[in-house]
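Below: the structure, in structure tokens.
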There are 2 protein chains.
Amino acid sequence: MWDFKYLQSAEKYNEAEMKTRDRILEMTLKLFNEEGVAKVSTNRIADELGMSPGNLYYHFKSKEHLVEWLLRRLESDLTPFMQSGDTLVALDDMWLSLHLSFEVIEKYRFIYTDVDFLLHEFPRCGERIRNMTLSAVETARTVCSNLARSGVLKAEGAEIDDLAFQIVFTSTCWSTFSRLLSQQDASAPGYAAYHVLTLLSPYLVEDQRHYMNYLRGKYLK
Amino acid sequence: MWDFKYLQSAEKYNEAEMKTRDRILEMTLKLFNEEGVAKVSTNRIADELGMSPGNLYYHFKSKEHLVEWLLRRLESDLTPFMQSGDTLVALDDMWLSLHLSFEVIEKYRFIYTDVDFLLHEFPRCGERIRNMTLSAVETARTVCSNLARSGVLKAEGAEIDDLAFQIVFTSTCWSTFSRLLSQQDASAPGYAAYHVLTLLSPYLVEDQRHYMNYLRGKYLK
DNA sequence: GTCTATATGCGGATAGAC
DNA sequence: GTCTATCCGCATATAGAC
């Protein structure tokens, strides 16, 4: 009987805690994306939530932990794409996968626009970002190899390596560059996909290139 | 007679002042590059120079002014390359121009690695960086057009625009990405040139592509 | 030009009451 | 879980003596 009550109250306890934790993480993500990690203080985050700084620190014991948990979320949101390397054999599959992963990246864009700050300020987070990026290169290489094997892509050896590298480079740095070029930047994820497809374009076999130009065109309304 | 003396002393005054100003700017550049604008305080810069904070503020009345003067230097170091668009008709010329401008960019890399912070913290500087980048795109477009006209490059219209855009994107963001991938990063400017040449590669006419692969190869010791 | 001393405020983070 | 109050340190920037 009180077992049940205990469980209930434990559940309630967790639910409430998770709710506050999530509210904090969501506000943190919003502010970090909008104003940058360096400029947004923990006090500021608490303020915007109508919450005391003490309470925020009850849930996350340092600013670094806020970054770390957001990074975990990014990692887990990207996992499906990182594991799909071998299932992508057609251009269509690859395009969809790219497009969806850019939406994830755009959601956590501060990780990329503030990467240099994170590298210096929170080395442990920097290490995670580095590892994530390195395995993204591996995934991209696998995808390109498979596209080449299935005859969609005409590239070999070093060309594939360079291509995979440039795809990840573009994915990683695009938000920084697009924010530099214009303050209002709603269309950023679409253009990232556009530019990655542009990188692939010259290596595609003729008929696939036409199809891809059709896909690319859709990003330029 | 005291006219002369007056001039002399005015000169001395300026020499001394310029020397201190330059020492400050050089140390600032070094520290900003190594640790980021957000992390390096004006007190820290003064400390490293064995100088008082008051003295530093006598020469530069705010942190923003330090950034602004370094930005001016970057702009003036890049000017020759920005104006050379129409004189580059061979691949060789373009390559050399690229290589040299990457050395300049690498020298002021903090401008690029901290661009998002600068955009938020010092909007006036952000505006300058944006304008600089936009005119770099214009220059790149001119260069690509000329290479196409002289038969080195096989590209037209939208392809040239995309290419120019990607060249500037790569130049701008390369240092951020290379720093993400490895802490020790001496070879960064070389690799930036390598990747820009890789972007051009598929659009070059046959014989030029072989020559360019030779150039690219030199970056991979 | 350069220094010492200092104003002023905000940053991250903690203690202890409720 | 949440709040109030607060510690401590460092940041930018200035005043005024030398």
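Chain letters run A, B, ... following the sequence lines, proteins first, then strands; residues in each count from 1.
Rounded to whole angstrom, the span from the CG atom of B/Leu56 across to the C1' atom of C/dT2 amounts to 12 Å. Atom-to-atom, CZ of B/Arg21 to P of C/dT2 comes out at 12 Å; the value is rounded to the nearest Å. Computed from coordinates, the B/Asn55 CG to D/dA13 C1' distance equals 14 Å when rounded to whole Å. Per the geometry, NZ belonging to A/Lys19 stands 11 Å off P belonging to D/dT2, to the nearest Å. Across the protein-nucleic acid pair, B/Ile45 atom CD1 and C/dT2 atom C1' stand 17 Å apart, rounded to whole Å.
Applying the side chain to side chain donor-acceptor pair (under 3.5 Å) test to every pair with at least one member in residues 114-127 of chain B, sequence neighbours left out, gives these pairs: B/Glu68-B/Arg124, B/Glu127-B/Arg130. Each side chain to side chain donor-acceptor pair (under 3.5 Å) pair with one or both residues in residues 91-105 of chain A, not counting sequence neighbours, appears once here: A/Asp92-A/Tyr211, A/Trp95-A/Tyr219, A/His99-A/Glu103, A/His99-A/Tyr219. Sorted by first then second residue, the salt bridge (Lys or Arg N to Asp or Glu O under 4.0 Å) pairs that include residues 43-61 of chain A, not counting sequence neighbours, are A/Glu35-A/Arg44, A/Arg44-A/Glu48.
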So what does the secondary structure string of DNA chain C come out as, 5' to 3', with Watson-Crick or wobble pairs under 3.5 angstrom, [ ] for crossing and | for pairs with another strand? ||||||||||||||||||
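Residues that satisfy the ring pair (Phe, Tyr, Trp, His ring centres under 6.0 Å) test with A/Phe102, not counting sequence neighbours, are absent from this structure. Residues satisfying the side-chain contact (heavy atoms from CB on, under 4.5 Å) criterion with A/Glu138, sequence neighbours excluded, are A/Arg141. The side-chain contact (heavy atoms from CB on, under 4.5 Å) test applied to B/Ser52 returns B/Asn55, not counting sequence neighbours. Remark: A/Ser62 engages A/His65 in a side-chain hydrogen bond (donor to acceptor under 3.5 Å, both in side chains) (not counting sequence neighbours). Residues meeting the ring pair (Phe, Tyr, Trp, His ring centres under 6.0 Å) test with A/Tyr112, sequence neighbours left out: none. Scored by the side-chain contact (heavy atoms from CB on, under 4.5 Å) test, A/Thr198 finds A/Tyr194, A/Arg216, B/Asp162, B/Gln166 as partners (sequence neighbours excluded).
Ring centroids of B/Phe165 and A/Tyr191 are separated by 6.0 Å or more, keeping the two rings apart.
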Report, one pair per line, the protein and nucleotides 11-15 of chain C atoms (nitrogen or oxygen only) whose separation is under 3.5 Å.
residue: C/dG12; atom: OP1; partner: A/Lys63; partner atom: NZ; Å: 3.1
residue: C/dG12; atom: OP2; partner: A/Thr42; partner atom: N; Å: 2.7
residue: C/dG12; atom: OP2; partner: A/Thr42; partner atom: OG1; Å: 3.0
residue: C/dA13; atom: OP2; partner: A/Tyr57; partner atom: OH; Å: 3.0
residue: C/dA13; atom: OP2; partner: A/Lys63; partner atom: N; Å: 2.9

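Across residues 23-34 of chain A, not one residue has a non-hydrogen atom less than 4.0 Å from an atom of DNA chain D.
Between A/Asp77 and A/Arg72, none of the side-chain N atoms (NZ, or NE/NH1/NH2) sits under 4.0 Å from a carboxylate O, so this pair counts as no salt bridge.
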